[in-house]
Amino acid sequence: MANICVIGSSSMDLVVTSSKRPGAGETVLGESFKTVPGGKGANQAVAAARLGASVSMIGRVGDDHFGEAILNNFRANQVSVDYVEPVTDMESGTAHIVLAEGDNSIVVVKAANDEVTPAYIDQAVQAITAADMVLIQQEIPEETVEHVSRICAEHGVPLLLNPAPARPVKDEVIENAAYITPNQHEAAIMFGEGRVSEALRRYPNKLFITEGSSGVRYFDGQEEVVIPSYKVEAVDTTGAGDTFNAAFAVALAEGKPIADSVRFANRAASLSVMKFGAQGGMPTRQEVEENL
């Protein structure tokens with residue numbers, strides 16, 4: 001069983017479904033509203049646990065009813081919350097999601113997630129150093145991501161950086177990470193427009209660019225490789241990238257070859273979009289293996 005440590009955000013997703021996405025100054029009628037647990041870190045932790053990994057989450061929630069619901073959801077999905085501490089007198093993070101026209105638009109309010117500080121990470125070093133793989137994203141402070149990258153490099157723990165939401169990433173973090181998984185937009189911000197192929201060659205078997213329905217692109221040391229995605233009827237694409245990252249991390253931590261790990265992750269991500277909610281469609285290990 002792979003031992004996965006996820007460091008990142010936990011939030012409550014407030015999800016509106018509509019046939020049309022409103023423009024500036026426009027009001028449209030929605031079709032439904034739901035609250036479901038989310039946050040990139042939490043999504044990846046839940047996805048990894050469903051895929052059979054032993055998962056520890058490092059993060060913060062508020063001391064509100066959303067925070068308690070988030071903790072209960074972790075427990076229900078067999079994710080350890082030993083390092084998920086409520087922040088006094090602060091709200092939990094929220095994500096405000098509009099599902100319309102076959103895609104999603106999201107506004108994130110970080111709130112308690114901004115308290116995932118380097119000092120807080122230092123209290124959880126034991127979970128990091130015991131992991132087979134550490135996952136981290138960018139809904140927490142930039143200095144925390146940098147600090148975690150140094151800890152992982154110092155202790156020889158592979159770090160998978162999912163650089164979302166998009167922002168520039170320091171060379172030190174890129175060098176310290178074992179795997180980096182931007183989408184096309186994030187890759188352009190990290191490496192510059194028109195320089196993605198150059199970046200792929202600079203980081204063989206390290207930089208993996210997710211291209212949605214086109215698949216995942218990387219450089220294997222000899223040539224660019226594209227592992228195609230699986231075609232499905234999408235209901236809700238929220239959380240597909242988080243499922244991919246979790247599945248990729250689990251497969252790599254189990255020692256699967258890179259190409260097989262990408263295929264495993266693509267299959268998990270494709271299954272995740274067939275149900276509502278970022279976590280609602282995240283598949284079990286059995287479901288992924290039956291559909292590979």
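For reference, positions follow the sequence shown, starting with 1. Worth knowing before you read on, the calculation uses all heavy atoms, side chains too, and leaves out hydrogens, waters and symmetry mates.
To the nearest 0.5 Å, atom CG of residue Leu207 and atom CD1 of residue Ile180 are 6.0 Å apart. Here Leu71 contributes atom CG and Glu85 contributes atom CD; the two are 10.5 Å apart, rounded to the nearest 0.5 Å.
The number of heavy-atom neighbours closer than 6.0 Å to CD of Glu101, taken from other residues, nucleotides and ligands shown, is above 12. Residue-environment remark: CD (Gln286) stays at or below the threshold of 12 foreign heavy atoms within 6.0 Å.
Look at Arg201 and Glu224 and you find a salt bridge, because one of the NZ, NE, NH1 or NH2 atoms lies within 4.0 Å of a carboxylate O, short of that distance. A salt bridge is absent between Lys110 and Glu139: the closest approach of a Lys/Arg side-chain nitrogen to an acidic carboxylate oxygen does not fall below 4.0 angstrom. With respect to Arg150 and Glu154, no salt bridge is recorded, no charged nitrogen being found less than 4.0 Å from a carboxylate O. Look at Glu287 and Arg50 and you find no salt bridge, because none of the NZ, NE, NH1 or NH2 atoms lies under 4.0 Å from a carboxylate O.
Minimum interatomic distance between Ser19 and Ala100 (heavy atoms only, all atoms of both residues): C-CB, 4.4 Å. Annotation for Gly30 and Ser18: closest pair CA-CB, 4.2 Å, computed over non-hydrogen atoms. Ile4 and Ala253 get closest at one heavy-atom pair: CD1-CB, 4.0 Å. Across all their heavy atoms, Ser9 and Gln137 have their closest contact at N-OE1, 3.9 Å.
Counting only distance, with no hydrogens or angles, the side chain of Tyr230 and the backbone of Asn291 share no donor-acceptor pair below 3.5 Å. Checking side-chain atoms of Arg167 against main-chain N and O of Gln138 turns up a donor-acceptor pair under 3.5 Å. Not one N or O on the side chain of Asp242 forms a donor-acceptor pair closer than 3.5 Å with the backbone of Ala47. In this structure a side-chain-to-backbone donor-acceptor pair under 3.5 Å is present from Asn183 to His185. Under the 3.5 Å distance criterion, the side-chain polar atoms of Lys206 are matched with a main-chain donor or acceptor of Ala177. A donor-acceptor pair under 3.5 Å links the side-chain atoms of Tyr120 to the main chain of Gly59, judged by distance alone. Asp220 contributes a side-chain N or O that, together with a main-chain N or O of Gln222, makes up a donor-acceptor pair within less than 3.5 Å. Looking at Asp64, its side chain does come within 3.5 Å of a backbone N or O of Ser92 through a donor-acceptor pair. Under the 3.5 Å distance criterion, the side-chain polar atoms of Asn3 are left unmatched by any main-chain donor or acceptor of Asp132. The backbone N or O of Ile140 lies less than 3.5 Å from no partner atom in the side chain of Thr144, so there is not a single donor-acceptor pair.
Contact check for Val87 versus Val61: no side-chain heavy atoms found under the 4.5 Å cut-off. Counting only heavy atoms from C-beta outward, the side chains of Val288 and Leu271 approach each other to under 4.5 Å.
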Tell me, with the steps shown, if His147 and Asp122 meet side-chain hydrogen bond (donor to acceptor under 3.5 Å, both in side chains).
CA-CA 9 Å; His147 187 60; Asp122 286 342; 2.7 Å; yes
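Judged by distance alone, the side chains of Asn266 and Ser229 never bring a donor and an acceptor atom under 3.5 Å apart.
Both cation-pi conditions hold for Lys256 and Phe264: the charged atom is under 6.0 angstrom from the six-membered ring centre and inside a 45 degree cone around its axis. A cation-pi arrangement, defined by a distance under 6.0 Å to the six-membered ring centre and an angle within 45 degrees of its axis, is absent between Arg217 and Phe208.
Taking the six-membered ring for Trp and thresholds of 30 and 60 degrees, Phe191 and Tyr203 have ring planes inclined between 30 and 60 degrees apart.
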